[in-house]
Amino acid sequence: MDSLSQHTVISCQDLSIGYQNKKKVAVIASAINFSITQGTLVALVGSNGIGKSTLLKSLTAMLAPLSGSLQIDAKEITAYSSLELSSKLSVVLTEAPASKNLTVLELVSLGRQPHTNWMGKLTQNDKDIIQQALEDTDLASLKNKNCFELSDGQLQRVYIARALAQDTPLIILDEPTTHLDLYHRAAIVKLLKKLTVEKNKTILFSTHEIDLAIQISDKMLVMTPQKIAFDSPCNLIKQGAFDVLFPNEIVVFDKKTGRFSVT
Amino acid sequence: MMVQKTYTRFFILLSLLLLVLVCGNISLGSADIPALEVFNSIVGSSSKSSWQYIITNYRIPKAITAIIAGGGLAISGLLMQTLFRNPLAGPFVLGLSSGASLGVAILILGAGAISGIFGTFLLGPWSLVIASALGSFLVLLAVLAVTLKVRDTMAILIIGLMFGSLTGALVAVLSYFSDAEQLQQFVFWSFGSLGNQTWRGISIVSLCFFVGLLLSIYSAKSLNALLLGENYAKSMGLKIKKNMLLLILATSILAGGITAFVGPIAFIGLAVPHLTRQFIKTSNHFVLIPAVAISGAILMLVCDTIAQLPGTVYTLPINAITSLIGAPVVIWLLVRKRKLIF
């Protein structure tokens with residue numbers, strides 16, 4: 001396991017991201033450098049509008065990088081076909097699925113799509129993986145419920161289960177803890193942690209729960225207007241990365257407790 | 001997608017119901033023909049040649065047209081609801097039928113301008129289908145293009161309505177400049193009618209239906225993925241553009257082809273997928289497509305049987321009956337569930 005966990009899953013070198021059309025280029029962030037090894041839980045934090053979503057869109061190939069290198073499994077992300085990429089990377093998005101009439105089992109089973117034939121026929125192997133994904137997310141008892149019957153916390157677990165069923169080494173989640181209460185936020189982040197430890201998944205998630213992220217994640221990406229810092233939470237605290245996260249007239253970061261407090 | 005249980009029993013029941021309705025539909029009509037004679041006419045040994053003629057040249061073709069039109073419009077409604085992520089989508093609501101009308105109007109009313117032999121050649125059944133399918137394809141493409149810019153499900157309906165009005169206005173302008181005979185031909189077409197189809201016409205609609213059905217079944221896996229939204233579908237390796245193009249092609253062949261022959265028919269496309277979802281609790285399109293097709297055929301046969309006003313000499317326009325049944329069904333579903341889900 002040790003040698004495996006040194007494997008680099010995703011790496012950026014001098015990456016610059018943003019939006020581009022015929023007339024102009026809008027750079028959101030540049031000089032992004034980091035590399036994430038297998039089995040790591042990485043939290044992406046930053047204030048609103050700093051470009052977290054843009055970074056996630058670039059990392060999930062929904063947006064082409066402006067310049068620099070962005071590699072997944074030592075291959076440029078732009079060189080993947082969407083089908084190839086779908087066996088490397090699965091996503092949990094903030095947008096709700098278009099249809100909530102699906103049952104939990106149906107929605108999770110959809111994660112097997114990249115691996116099934118044109119009819120979407122599930123082999124025994126597919127069914128085992130789906131069952132495992134349901135058990136890992138504690139959903140086995142809810143599998144025949146329709147999605148519109150579920151609570152937000154349960155729904156979030158369903159989306160994570162779908163990503164697990166897709167069976168990719170890397171999972172990227174966009175704000176999986178929004179709309180949840182403290183208990184369920186912690187439950188989701190603990191679930192992600194468990195998946196990195198037990199399943200050796202590499203997980204990157206964006207969040208506004210900085211306290212929670214500091215406590216539980218292995219590495220953190222801290223986006224500030226000046227730069228994007230990437231390190232373990234302890235080192236980031238020492239470097240003072242969180243002190244510049246927000247303008248400090250309203251909230252300040254307490255290095256001792258690892259928390260923000262209102263001034 | 002995992003099918004938890006087989007729907008064999010549901011499909012057998014549905015098929016039996018369809019069979020019963022076909023028999024009922026053929027037996028009932030303006031002329032009162034005894035059931036035994038109906039059977040004799042089908043096997044070709046009726047005692048009265050007029051009955052034989054009515055059965056084989058009028059009622060059977062009409063029943064076949066009803067099955068194909070109902071099934072095809074229902075599938076096209078299902079495809080559009082998933083494609084546009086909108087429970088209120090349907091060929092009539094999104095202006096597909098209006099697009100088809102415009103195509104047909106240009107053909108029928110414009111044919112006068114190119115008079116003579118060429119004009120009559122233009123009015124063959126194939127050109128009608130092509131004009132109609134092309135009209136709905138263009139409207140669908142336009143609606144889709146706008147929806148890619150405006151990502152609001154309510155806006156899609158409004159855009160569909162606007163395109164409907166726009167094509168309606170163009171048809172009105174065309175009607176104003178055309179002569180009475182062509183106008184009459186067009187007006188009769190726009191009432192919608194399942195009857196008076198030639199066998200050649202029926203074989204062309206059937207061809208459209210089967211091409212549309214095959215394309216839909218081929219697209220069923222991507223339709224299932226699209227239930228999660230475009231971004232999720234793409235993250236699972238789906239080629240969005242290619243699959244969307246296939247879907248609008250299937251929809252316009254189905255809705256356009258059928259509308260060319262039977263005229264614009266409202267509510268079947270919108271109501272049938274929702275009615276079907278009341279009976280089967282799955283969103284898997286491999287199950288939904290055949291289920292919706294059979295249910296659409298059943299509802300259309302019921303509407304047609306009512307339109308015949310059995311025992312009287314009157315026949316009501318089919319479009320009026322589908323609206324009379326379809327509109328309350330949609331309202332009832334909305335009130336009961338408070339929300340239409342797809």
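By convention in this document, chain letters (A, B, ...) are assigned in the order of the sequence lines, proteins followed by strands, and residues within each chain are numbered from 1.
- Both the backbone and the side chain of Tyr232(B) come within contact range of chain A, judged by heavy atoms closer than 4.5 Å.
- A salt bridge links Lys75(A) with Glu84(A): at least one charged nitrogen is closer than 4.0 Å to a carboxylate oxygen.
- Looking at Ile240(B), neither its backbone nor its side chain comes within 4.5 Å of chain A, counting heavy atoms on both sides.
- Of the residues listed (Leu157(B), Leu94(B), Val93(B)), the one engaging Asn86(B) in a side chain to side chain contact (heavy atoms under 4.5 Å, CB included) is Leu157(B), and it is the only one.
- Per-residue counts of heavy-atom pairs under 4.5 Å with chain B were compared for Thr116(A), Leu89(A), Thr168(A), Leu85(A); the largest is that of Thr116(A).
- Side-chain contact check for Arg112(A) versus Asp167(A): some heavy-atom pair is nearer than 4.5 Å.
- Residue contact with chain B, scored on non-hydrogen atoms closer than 4.5 Å, involves the side chain of Gln166(A) exclusively.
- Between the CG atom of Leu223(B) and the CD atom of Gln81(B) there is a distance of 11.5 Å, given to the nearest 0.5 Å.
- Neither the backbone nor the side chain of Val108(A) has a heavy atom closer than 4.5 Å to any heavy atom of chain B.
- Cation-pi geometry between Lys88(A) and Tyr80(A) is not met: the NZ or CZ atom fails to fall both under 6.0 Å from the ring centre and inside 45° of the normal.
- Most heavy-atom pairs under 4.5 Å with chain B: of the set Gly111(A), Pro97(A), Ser87(A), this distinction falls to Pro97(A).
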